[in-house]
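Beneath this line is the structure, given in C-alpha cells, with notes to follow.
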Amino acid sequence: MILKYTNYADGIHDIQLKSSAESLKLSETFFGEVVLNAKMDKSPGQIVLSCELIVNTKFACDRCTAEYEEIQAIEFQLVYIIEHGEESHDDDEDRDNDVYYITPETDKINLANDLKDYAELSLPMKKLCDDDCKGLCLKCGANLNESECNCKDDEINPVWEPLLKLKDKLNK
C-alpha cells in the first residue's frame with residue numbers, strides 16, 4: 001500500500017486504504033481484503049500516522065482442532081520525520097521504533113512492509129475457537145463441544161495405584 005502524502009495539505013486527514021492479503025504477501029492464515037484506517041497528522045516537519053489495520057484470519061483451534069475465522073483489528077502508530085539538510089537518511093535503511101526519516105523530495109510512503117509486520121505480529125499465541133472450548137476427549141477423541149463421550153472417568157492409571165494404597169492406609 002502506497003500513500004502519496006503530498007496530495008494532502010498540512011493538518012489532520014482520515015485515510016482509508018484497501019488491498020488484498022495476497023498482494024501484501026501475508027501468510028496463508030490471512031485472507032480477503034485488508035483495510036487500513038489511518039488518521040494522518042501532517043505538518044511541515046513530520047507525518048504521524050495513527051493506524052488501525054483490519055485483517056481476516058483463519059485458524060485451527062488448539063483444543064478441538066475446529067477451523068474458525070476471526071477479524072483482527074490492530075492499532076499502531078508510524079512517524080515520518082522530514083529531514084532538511086545535508087545528512088539525510090534513507091527511509092528503507094534508517095528505522096528506529098517506527099520512526100522513519102525521509103527527504104523532502106520523497107512524495108510517497110510505502111506502508112506494505114509495516115502492515116505485513118503488524119499483521120503477522122498480531123497472531124495469537126493460543127488459538128481458541130471459543131474461550132470456553134472443551135477440546136477433545138483424551139481417550140476417544142470426541143469433540144466435547146459437540147457431544148458428550150461415554151468414556152469412564154473412574155479408570156485409574158496403574159502407575160498411581162501405590163499412592164492410592166498409601167492414601168487408604170493413612171485414612172484408616
Side-chain angles (χ1 to χ4, degrees), residues 1-3 5 12-41 47-80 91-92 95-100 109-172:
M1 284 187 195
I2 297 193
L3 172 63
Y5 68 89
I12 297 175
H13 306 278
D14 289 322
I15 299 169
Q16 185 177 65
L17 301 173
K18 297 179 181 180
S19 185
S20 70
E22 289 177 2
S23 67
L24 289 174
K25 298 178 181 162
L26 292 170
S27 66
E28 294 175 3
T29 303
F30 300 94
F31 68 95
E33 188 174 59
V34 175
V35 178
L36 174 68
N37 294 315
K39 187 173 288 287
M40 179 175 69
D41 186 358
I47 299 162
V48 178
L49 292 173
S50 298
C51 304
E52 178 187 43
L53 183 64
I54 300 169
V55 292
N56 299 304
T57 54
K58 187 183 297 184
F59 300 114
C61 180
D62 288 341
R63 288 187 189 158
C64 69
T65 69
E67 288 193 9
Y68 69 99
E69 295 178 1
E70 192 172 81
I71 296 174
Q72 303 276 335
I74 307 125
E75 294 183 7
F76 58 95
Q77 190 173 57
L78 300 171
V79 177
Y80 294 86
D91 61 334
D92 288 335
R95 174 182 176 185
D96 183 30
N97 295 327
D98 296 328
V99 175
Y100 294 90
I109 299 172
N110 188 349
L111 301 169
N113 288 336
D114 287 311
L115 299 184
K116 181 179 178 183
D117 289 347
Y118 277 102
E120 296 287 348
L121 287 171
S122 74
L123 295 176
M125 296 293 283
K126 184 146 188 103
K127 299 162 187 80
L128 297 176
C129 61
D130 184 27
D131 287 339
D132 297 327
C133 179
K134 297 176 185 174
L136 302 175
C137 174
L138 296 174
K139 295 179 184 173
C140 68
N143 187 340
L144 299 175
N145 297 315
E146 297 171 358
S147 64
E148 295 287 325
C149 68
N150 295 327
C151 297
K152 294 181 181 179
D153 287 338
D154 52 341
E155 289 182 25
I156 297 172
N157 189 332
V159 171
W160 302 112
E161 284 183 28
L163 284 176
L164 290 174
K165 289 178 184 175
L166 181 62
K167 179 184 171 187
D168 290 340
K169 282 183 183 178
L170 291 174
N171 287 338
K172 288 184 183 180

What one should report as the nearest heavy-atom pair of Asp62 and Met125 is OD2-O, 4.0 Å
Could you measure the distance from the NZ atom of Lys126 to the SG atom of Cys61? Nearest 0.5 Å is fine. 8.0 Å
Which residue, Asp41, Leu3, Ile109, forms the side chain to side chain contact (heavy atoms under 4.5 Å, CB included) with Ile47? Ile109
Surrounding CG of Asn150 (heavy atoms of other residues, nucleotides or ligands, distance under 6.0 Å), is the total greater than 12? no
Between Thr29 (side chain only) and Thr57 (backbone N and O only), is there a donor and an acceptor less than 3.5 Å apart? no
What closest approach, in Å, do Asn143 and Gly135 show between heavy atoms, and which atom pair accounts for it? OD1-O, 3.6 Å
Which atom of Val55 lies closest to which atom of Ala119, heavy atoms considered: CG1-CB, 4.5 Å
Pairwise distance CG(Leu53) to CG(Asp117) - rounded to 0.5 angstrom: 11.0 Å
Above 12 or not: heavy atoms from other molecules or residues under 6.0 Å from CG of Leu166? yes
Going by side chain to side chain contact (heavy atoms under 4.5 Å, CB included), Ser19 matches just one of Leu115, Leu24, Leu111. Which one? Leu24
With side chain to side chain contact (heavy atoms under 4.5 Å, CB included) as the test, would you mind laying out the steps for Leu144 and Cys64 before giving the verdict? CA-CA 8 Å; Leu144 299 175; Cys64 69; over 6 Å; no
Is the shortest side-chain heavy-atom distance between Leu36 and Tyr118 below 4.5 Å? no
Search all heavy atoms of Lys139 against all heavy atoms of Cys151 and return the closest pair with its distance. CB-SG, 3.7 Å
Name all residues meeting the salt bridge (charged side-chain N to carboxylate O under 4.0 Å, His left out) criterion together with Asp14; count only those two or more places apart in sequence or in a different chain, and write none if there are none. Lys39
Would Lys58 and Glu28 satisfy side chain to side chain contact (heavy atoms under 4.5 Å, CB included), going step by step from the backbone distance to the final call? CA-CA 8 Å; Lys58 187 183 297 184; Glu28 294 175 3; over 6 Å; no
Rounded distance [0.5 Å steps], CE in Met40 versus SG in Cys51: 11.0 Å
CG (Leu163) with more than 12 external heavy atoms under 6.0 Å: yes
Before giving the answer on side chain to side chain contact (heavy atoms under 4.5 Å, CB included), spell out for Tyr100 and Asp114 the whole-Å C-alpha distance, their side-chain angles and the decisive distance to 0.1 Å. CA-CA 11 Å; Tyr100 294 90; Asp114 287 311; 2.6 Å; yes
Shortest non-hydrogen separation from Lys18 to Val35 and the atoms involved: CG-CG2, 4.1 Å
Within 6.0 Å of CG in Asn171, more than 12 heavy atoms from elsewhere: yes
Could you tell me the separation between the CG atom of Leu123 and the CD atom of Gln72, rounded to the nearest 0.5 Å? 6.5 Å
Tell me whether the rings of Tyr68 and Phe59 are parallel (<30°), tilted (30 to 60°) or perpendicular (>60°). tilted
Gap separating the CG atom of Asn37 from the CG atom of Leu49, nearest 0.5 angstrom: 12.0 Å
Would you say CD of Glu22 has more than 12 non-hydrogen atoms from neighbouring residues, nucleotides or ligands within 6.0 angstrom? no
Could you grab the distance from atom NZ of Lys134 to atom CD of Glu146, nearest 0.5 Å is fine? 11.5 Å
Closest heavy-atom pair and its distance - Cys133, Cys129: SG-SG, 3.8 Å
